[in-house]
Novice: 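Quick one: structure below, then a few questions.
Here the structure is a predicted model, which is why all the values come from computation and not from measurement. Just so you know, ligand 1 is whichever comes first in the structure, and atom 1 is the first atom listed for that ligand.
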Amino acid sequence: MSTKAPEMTVSLAGVELRSPVIAASGTFGYGVEFEEIVALDRIGAFVTKGLSKEPMPGNPTPRIIETAAGMMNAIGLQNMGVRPFIEEKLPRLREIKGAVVIANIFGYTVEDCLEVIRALNDAEGIAMYELNASCPNTSHGGMVFGTDPGLLKELVTRTKEIAKRPLMVKLSPNVTSIGQMAKVAEEAGADAVSLVNTFVSLAIDVETRKPRIANVTGGLSGPAIKPIAVRMTHEASKAVKIPVVGMGGIIRAEDAVEFLMAGATAVQVGTASYADPRAVENITVGLKKWCASHQVEQVKSLTGSLIL
Ligand SMILES: Cc1cc2nc3c(=O)[nH]c(=O)nc-3n(C[C@H](O)[C@H](O)[C@H](O)COP(=O)(O)O)c2cc1C
């Protein structure tokens, strides 16, 4: 048995990560809020809360509820806006040597997204972009970029044209064929795809007969969605050659291993940080231990190792 420590680094679209475990968007603030709790230079990377061209207040409350084995949220992409992020948060992040920052971007139109990318392009301290392609597009009757192949193609093509950093496209799981959407993103120039975002869901208070979330529907995340997310990660990884980043319900190291075996190059951890703010770091450490105890010398060898 090898006594050497397992090699945990992975390359994600040219970005070197010291571990394949990444903190997911919307569950890790802008990173700086977690610096006392989680060593940002020990986890693989973290993804910022979604950034828009202007600050956004989000949806009315209640907008988060717990469900069996998960949670529903309709935060509504509340955020401080891209310019305040660059001015108030990024300088501190740059000081944390070794922290890998992935900026999550969204907009209601393609132009909105382009404006966010233009602002970020000139800022130092960001390793890559994650484009949230599952946000509503008001100019197209409330449809979302991530569920319409034509819109997704346009969004990715135009953002890729101007992005000065690797572009990872975050796909919506609310589609019939995730493989098809991953392929559309790849053909339009995406350097990686990440999946899944949350599943559209509805919870009803049976006493009042009203939705439990003010927005009526919310996005379901957490362990409840994990087997669906693993299946989708597998389908996406079969459909494309670019790296796939898998997520959905990861709460322990073995969950991360499942996603890697299904075909993911790296994974993200979201909801678990709500139950335990140290979850991302614990899973990072746990994954290394898992590799050591299973004679896995290089974590990257797990990717796509599912035996059928
Ligand atoms: C409260 C909350 C806020 C989120 N905000 C964002 C966001 O701003 N942008 C984004 O791309 N995904 C966002 N997500 C989705 C997560 O990044 C992740 O894709 C999803 O929750 C599935 O992973 P999990 O089961 O580990 O949470 C959010 C999720 C939660 C629970």
Novice: Would you say K49 and ligand 1 have an N/O pair spaced under 3.5 Å apart?
Specialist: yes
Novice: Hey, does Q268 come in under 3.5 Å of ligand 1, counting only N/O atoms on both sides?
Specialist: no
Novice: Do any nitrogen or oxygen atoms of T198 come within less than 3.5 Å of a nitrogen or oxygen of ligand 1?
Specialist: no
Novice: Quick check on contacts: which atoms of ligand 1 are under 4.0 angstrom from a heavy atom of L77?
Specialist: 7 (C), 8 (O)
Novice: Would you mind running through ligand 1 and noting each atom that sits below 4.0 Å from a heavy atom of N132?
Specialist: 9 (N), 10 (C), 11 (O)
Novice: Is there any N or O on G270 that sits under 3.5 Å from an N or O of ligand 1?
Specialist: yes
Novice: Please determine whether any non-hydrogen atom of V196 lies less than 4.0 Å from an atom of ligand 1.
Specialist: yes
Novice: Work out whether the distance between some heavy atom of G222 and some atom of ligand 1 is less than 4.0 Å.
Specialist: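 G222 counts as a contact of ligand 1 under the 4.0 Å cut-off.
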Novice: With distance as the sole test, does N197 use its side chain to make a donor-acceptor pair with the main-chain N or O of S134 at under 3.5 Å?
Specialist: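 No.
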Novice: Consider every N or O of N73 and every N or O of ligand 1, then say whether any pair is closer than 3.5 Å.
Specialist: no
Novice: Below the 3.5 angstrom mark, is there an N/O of T271, backbone or side chain, next to an N/O of ligand 1?
Specialist: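 By distance alone, the answer is yes.
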Novice: Does F106 come within less than 4.0 angstrom of ligand 1, counting non-hydrogen atoms of the residue?
Specialist: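 No, F106 has no heavy atoms under 4.0 Å from ligand 1.
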Novice: Tell me whether N104 has any N or O atom under 3.5 angstrom from an N or O of ligand 1.
Specialist: yes
